[in-house]
Structure formats: C-alpha cells, structure tokens
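The block underneath contains the structure these notes are about, expressed in structure tokens.
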Amino acid sequence: MHGEYKVPGGKLVVVDVDVEDGVLRRARVAGDFFLEPDEALDAVNRALEDAPDAPAGTDAAGLAARIDAALPEGTVMYGLTSEGVGVAVRRALAHATDWTDYDWQLIHEGPQAPALHMALDEVLTAEVAAGRRPPTLRVWEWGAPAVIIGSFQSLRNEVDPGGAERHGIEVVRRISGGGAMFVEPGNTITYSLSVPESLVQGLSFQDSYAYLDDWVLGALGEMGIRAWYQPLNDIATDQGKIAGAAQKRIVGPDGAPGAVLHHVTMAYDIDADKMLQVLRIGREKVSDKGTRSAKKRVDPLRRQTGLPREAVIERMIDSFRARYGLADGKVTDGELARAEELARTKFTSPEWTARVP
C-alpha cells in the first residue's frame, strides 16, 4: 500500500507498507524532507514495522508516539514530523488518492445571488459524490452583499437585523459549520473545492483543513505573502487573519463514499465599521481581544499584495493549475436548474435561515 502526505508548511512524505496478521510490515518511508542523522530513517521504519503491539488500526498520533520513542537522541527533522509520517501511513492503509490522480475542473462564472451560491455548493458537491462531476474548484463572484452564517449558528445571536436592513445586506445560512462571514462583492474572494472523500482519507478532520488549504498557501507565497494554516479553520499571516474555511461531508449514493465541500472566504478588503454594525459576534470578538478595531484582527489582501482583486484571483488559479492541472468548465444546465430550485425552496426560506433562531 502506498500513501503520500505533504506536511503543512513542510515537505512530501511517502510511505509504502504492507499489513500481515493485522500489523504493519515492510514499512519504507521516503520523501524530499531533511533528516539527521542518517540512521534516523531506519529508526522510523523499524518503529512502524517491528510493532506487534501497534496494530494496523493505530491512529496517526499513536504511530507518531512510537516514532518519537525510537528516534536517536539529537535527531533533527526539517520539513518532516512524526505525525506527518503517521498520517501518510493512515492514508496508505485507507487507499487515499492524491490531487494529481484527478482531472480538475474550474468554474468561474459571473456574479450570482448569495442564496444561489449556497445551493451551487450543495449541488456540485453532491454531483462529485455521485461520480457525475470531476473534482471542482469554483471561484465565486458575489452578486450582492451578504452575511453568511454557519449551519449551527443562532441567527439572532449573530446578526443585527437593523444593521443588515440599513445596509441592504441579505442573510443566508450555509450547509457547513463555522462562523459568520461578512461579504461585499468587491471586497471578498471566495472559492469552493468539491472533492472526492478519498482525497482526504486517512486524515483527521483538522488535518483535512490543512491539507486542502495547502495549495492556496503556496499561491499566497508566490505573491510574497507568508501565510499559514491556523487551526481549526483560519489562514493567517503575521499581519492578522486573512481567511476562514468551512467544510461539509456529503454522503454518496446508497451510502457509498461521498465528497467533501471545502470553501474559503478571503478578505481582499473590508469595511470594518459596516461589519460591526451588522454582526453582533464581531463586536464581542473584538472586545474580547482588547482591540479597538476589527481591522486589527483581519488584514486584507489588498494591502498585503498591492494587487487588484482580479489579479489575486488569477494568480491563485494559475498556481492551482501549475500544481495539479485545471481545465475550464461550467455549471451544467441541469446543475443550475437544481441549484435554482434549491435556492428558492431552501436557502431563501425563513425556515432554513432561522432553523437555529
């Protein structure tokens, strides 16, 4: 069995391993990482394969503990972690796929209503789960300002209805968890990944966020921004948070392995005063951290890159394409029809929006 895992902010780890009588055998770890001394690699392999008390079902943390205990004193790892090796083993045992195993499709269409974006996320990810659509990167264009609340958030606790009405801001609820997003068409960059569940097999929920965010960290790095994944679902720089992510798992037909929706909203620019008039939780978070302005919590990409929004998006797409390949595509007529119906019956309905009052 073969597994690969790129350590967030680090290097690629590759593991080939067999299982016999429920335990790991013939483990071989490789990759483009740095490791000293040389014999440390043999120690890692032995920790995995000479482990009758470490069954093949041992999780990544348990495998990492065995590796740490076996390493020679003074071992130095660069671009590699014991946990990363454990994750690569788990991905091998789960027969996980890799980014390059797929023909990726890009969808980047004109501005659409907030409720339609919510519906498209659900429809397109369900199509990936059913095997009718390839893994898809969809870049959003917002047709109107909005507040997008998480699936489990309380509407009245998150949104000031007077502020939303005064600024003409629609409130919609998405299918993923996480916190509220304040978006304006020219100030926000949002994208979705709809991917087969096999791409994140063997990863913990937290690790799947880091794994699916890794490409955009590389894209930001190419624009001169040193960014990192900040658990559980933020992307940050030393200047502050620039993005938040959320996920939803969708089961495949008849309970078959499904797909994962991973969407990210990035602050290209921000009207912090308006945001604090619309979001109640924004005031509390700012107060809790003792800051006087939300601008000290969220640092926009416009200032950090000096690039127009369209150029930032173009560079992100180019970076993804260079890594994994990316063919231009579109929402099909059938997908759009289902999404429009779902937007009408679900995502604009008071019952859904206020399902947690």
Side-chain angles (χ1 to χ4, degrees), residues 108-114 116-118 137-150 158-160 163-172 174 178-192 213 215-230 233-246 263-287 289 291-320:
H108 187 194
E109 299 181 338
Q112 293 162 317
L116 183 59
H117 278 305
M118 304 303 110
L137 167 64
R138 183 170 73 91
V139 179
W140 304 21
E141 294 295 345
W142 292 93
V147 166
I148 316 300
I149 59 175
E158 301 299 324
V159 181
D160 183 324
E165 182 178 4
R166 184 165 59 254
H167 293 292
I169 293 177
E170 180 181 357
V171 180
V172 295
R174 63 181 184 268
M181 308 177 337
F182 174 78
V183 302
E184 294 184 290
N187 289 351
T188 308
I189 297 173
T190 304
Y191 67 86
S192 301
D213 280 340
W215 75 273
V216 82
L217 300 185
L220 291 169
E222 292 164 8
M223 288 181 265
I225 299 176
R226 190 179 71 86
W228 58 85
Y229 162 72
Q230 184 167 293
N233 62 333
D234 287 347
I235 296 173
T237 72
D238 56 7
Q239 302 299 312
K241 173 181 172 180
I242 57 173
H263 44 200
V264 174
T265 291
M266 313 179 80
Y268 174 74
D269 205 346
I270 189 168
D271 186 333
D273 293 333
K274 186 186 296 184
M275 181 183 76
L276 292 179
Q277 293 175 42
V278 175
L279 294 183
R280 298 187 192 278
I281 195 68
R283 303 166 196 168
E284 295 171 8
K285 285 184 177 179
V286 169
S287 175
K289 294 182 181 294
T291 56
R292 299 177 61 185
S293 168
K295 293 178 181 177
K296 294 184 179 180
R297 294 193 63 249
V298 180
D299 196 75
L301 286 171
R302 182 177 65 83
R303 189 192 68 78
Q304 293 201 45
T305 65
L307 296 170
R309 175 181 175 275
E310 294 75 15
V312 174
I313 292 173
E314 182 179 356
R315 292 197 184 190
M316 288 170 55
I317 291 172
D318 288 346
S319 181
F320 190 104

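Just so it is clear, the structure is predicted and the values come from calculations on it, not from any experiment.
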**Asked** Stepwise, does the side chain to side chain contact (heavy atoms under 4.5 Å, CB included) test hold for Val159 with Arg280?
**Response** CA-CA 6 Å; Val159 181; Arg280 298 187 192 278; over 6 Å; no
**Asked** Is there a donor-acceptor contact under 3.5 Å from the side chain of Asp160 to the main chain of Val278?
**Response** no
**Request:** State the CG-OH distance between Leu307 and Tyr268, to the nearest 0.5 angstrom.
**Result:** 7.0 Å
**Message:** What's the separation between atom CD1 in Ile242 and atom CD in Gln304, rounded to the nearest 0.5 Å?
**Reply:** 6.0 Å
**Salt bridge present between Arg309 and Glu141 (N-O < 4.0 angstrom)** = yes
**Fill in**
Scanning both residues in full, the closest heavy-atom pair of His108 with Val139 reads CD2-O, 3.5 Å
**Prompt:** Using 4.0 Å as the upper bound for N to carboxylate O, is an ion pair formed by Glu109 and Arg138?
**Reply:** no
**Asked** Measuring from Trp142:CH2 to Glu170:CD, what's the distance to the nearest 0.5 Å?
**Response** 9.5 Å
**Request:** Locate the shortest heavy-atom distance separating Arg174 from Ile148; write the atom from each residue and the value.
**Result:** NH1-O, 3.3 Å
**Request:** Evaluate the side chain to side chain contact (heavy atoms under 4.5 Å, CB included) criterion for residues Ile189 and Met316: first the C-alpha distance (whole Å), next the side-chain angles of each, then the deciding distance (0.1 Å), finally the verdict.
**Result:** CA-CA 11 Å; Ile189 297 173; Met316 288 170 55; 4.3 Å; yes
**Complete:** Rounded to the nearest 0.5 angstrom, the CD-NE2 distance for Gln277 and His167 is 3.5 Å
**Request:** List the steps and the verdict of side chain to side chain contact (heavy atoms under 4.5 Å, CB included) for Ile270 and Asn187.
**Result:** CA-CA 6 Å; Ile270 189 168; Asn187 289 351; 5.8 Å; no
**Request:** Indicate whether the side chain of Trp215 and that of Ser319 have a donor and an acceptor atom separated by less than 3.5 Å.
**Result:** no
**Complete:** Minimal heavy-atom distance between Pro114 and Pro145, with the atoms involved, is CG-O, 4.4 Å
**Message:** If you apply the rule side chain to side chain contact (heavy atoms under 4.5 Å, CB included), what do you find for Thr188 with Phe182, and how did you get there?
**Reply:** CA-CA 9 Å; Thr188 308; Phe182 174 78; over 6 Å; no
**Fill in**
Interatomic distance, CE@Met266 vs CG@Leu301, rounded to 0.5 Å, equals 5.0 Å
**Gap separating the NE2 atom of His117 from the OG1 atom of Thr190, nearest 0.5 angstrom** = 7.5 Å
